[in-house]
Amino acid sequence: MLQCTAVTQVPYAEALLALATMEGAPQHPPDVVEPEDFVLCELADHDESAEHAAHLWTADTPDDRDLWFLWSGTGAHRVHRLDTLRLCPAVLRELATRTVTTCAYFDHHPGPHSFSVTDPLGDLIAEHVHSEVRRLVSGDDTPGTPDGPDVPDTDAP
């Protein structure tokens, strides 16, 4: 399932207050959120009955509670809240590779778990970064060289 594409601005003063007063808070909250920060909903694509949600801070607490920014509506009709929520306990176990992937969302989130949500833009950016790393490791000085078959130089004698 595709990731939701809703974007909104984080209320700076409220976010600073929530970060400063939560258990397991960061040492310096202004390092976590900027005055003009925007967040993207991390949940799977959903209808208007579910709140959008963006993770803001992973708390250093024994009860696995993180700070989330949740909102619905847009513009003057946007309603939002900052809440410290428990992590979703769901895990995906792949027996063939012996890997365990935990859900990155909060407990009782709407829709599928994070390991079932794909972010095409994030995947495209990751592929570009990996391509650039491969290019740099191979010593190729041409930026943005796509992976693929080598094309002969037609101007060569």
Side-chain angles (χ1 to χ4, degrees), residues 1-94 97-137 143-147:
M1 176 159 240
L2 294 178
Q3 181 176 340
C4 178
T5 58
V7 176
T8 195
Q9 189 170 11
V10 177
Y12 183 64
E14 290 176 51
L16 283 180
L17 180 61
L19 285 163
T21 58
M22 71 180 285
E23 184 181 353
Q27 292 289 337
H28 194 248
D31 290 343
V32 176
V33 65
E34 300 277 334
E36 298 297 320
D37 272 357
F38 282 81
V39 290
L40 172 67
C41 179
E42 297 177 31
L43 303 175
D45 197 20
H46 52 88
D47 63 23
E48 293 179 14
S49 66
E51 288 179 301
H52 300 290
H55 180 262
L56 291 185
W57 179 254
T58 300
D60 186 17
T61 61
D63 65 351
D64 291 331
R65 288 182 175 265
D66 292 347
L67 182 63
W68 286 81
F69 179 67
L70 300 110
W71 77 97
S72 60
T74 58
H77 301 286
R78 183 184 80 168
V79 176
H80 66 271
R81 64 189 173 104
L82 289 140
D83 205 349
T84 308
L85 303 169
R86 289 190 186 281
L87 296 178
C88 178
V91 295
L92 174 64
R93 299 178 193 279
E94 293 188 39
T97 60
R98 295 184 179 195
T99 58
V100 176
T101 306
T102 58
C103 180
Y105 300 152
F106 52 91
D107 201 10
H108 301 292
H109 59 82
H113 298 291
S114 64
F115 41 75
S116 300
V117 177
T118 58
D119 175 10
L121 179 57
D123 294 344
L124 183 63
I125 291 169
E127 177 53 37
H128 178 72
V129 168
H130 288 114
S131 174
E132 287 296 301
V133 168
R134 286 190 297 270
R135 181 186 63 79
L136 292 171
V137 168
T145 304
D147 290 340

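The first residue of the sequence shown is numbered 1, and numbering continues consecutively from there.
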Asp83 and Phe106: side-chain contact (heavy atoms from CB on, under 4.5 Å), yes or no, with the steps? CA-CA 10 Å; Asp83 205 349; Phe106 52 91; over 6 Å; no

Looking at every heavy atom in both [X] and [Y], which two are closest together, and how far apart are they?
| X | Y | value |
| --- | --- | --- |
| Pro30 | Tyr12 | CB-OH, 4.1 Å |
| Leu40 | Trp71 | C-CH2, 4.2 Å |
| Val117 | Leu2 | CG1-C, 4.0 Å |
| Pro26 | Leu19 | CD-O, 3.7 Å |
| Phe115 | Cys103 | CE2-N, 3.8 Å |
| Gln3 | Cys41 | NE2-O, 2.8 Å |

If you draw a 6.0 Å radius around CG in Asp60, do more than 12 non-hydrogen atoms from other residues or ligands fall strictly inside? no

Give a yes or no on whether the backbone of Cys4 and the side-chain of Asp45 come within a donor-acceptor separation of less than 3.5 Å. no

Using a 3.5 Å distance criterion without hydrogens, assess whether the side chain of His55 forms a donor-acceptor pair with backbone atoms of Trp57. yes

Reference residue Leu85; test side-chain contact (heavy atoms from CB on, under 4.5 Å); the match among Asp107, Asp64, Asp66, Leu70: Leu70

Any salt bridge linking Glu14 with Arg81? Criterion: basic side-chain nitrogen under 4.0 Å from a carboxylate oxygen. no

Within the 4.5 Å heavy-atom criterion, are Leu56 and Val39 side-chain neighbours or not? yes

Have a look at His52 and tell me which of Glu42, His46, His80, Arg78 forms a side-chain hydrogen bond (donor to acceptor under 3.5 Å, both in side chains) with it. His46

Starting at [atom1] of [X], measure out to [atom2] of [Y] and round the result to the nearest 0.5 Å.
| X | Y | atom1 | atom2 | result |
| --- | --- | --- | --- | --- |
| Glu132 | Glu127 | CD | CD | 10.5 Å |
| Ile125 | Asp119 | CD1 | CG | 7.5 Å |
| Thr84 | Met22 | OG1 | CE | 4.5 Å |

Classify the angle between the aromatic ring planes of Tyr105 and Trp68 as parallel (below 30°), tilted (30 to 60°) or perpendicular (above 60°). perpendicular

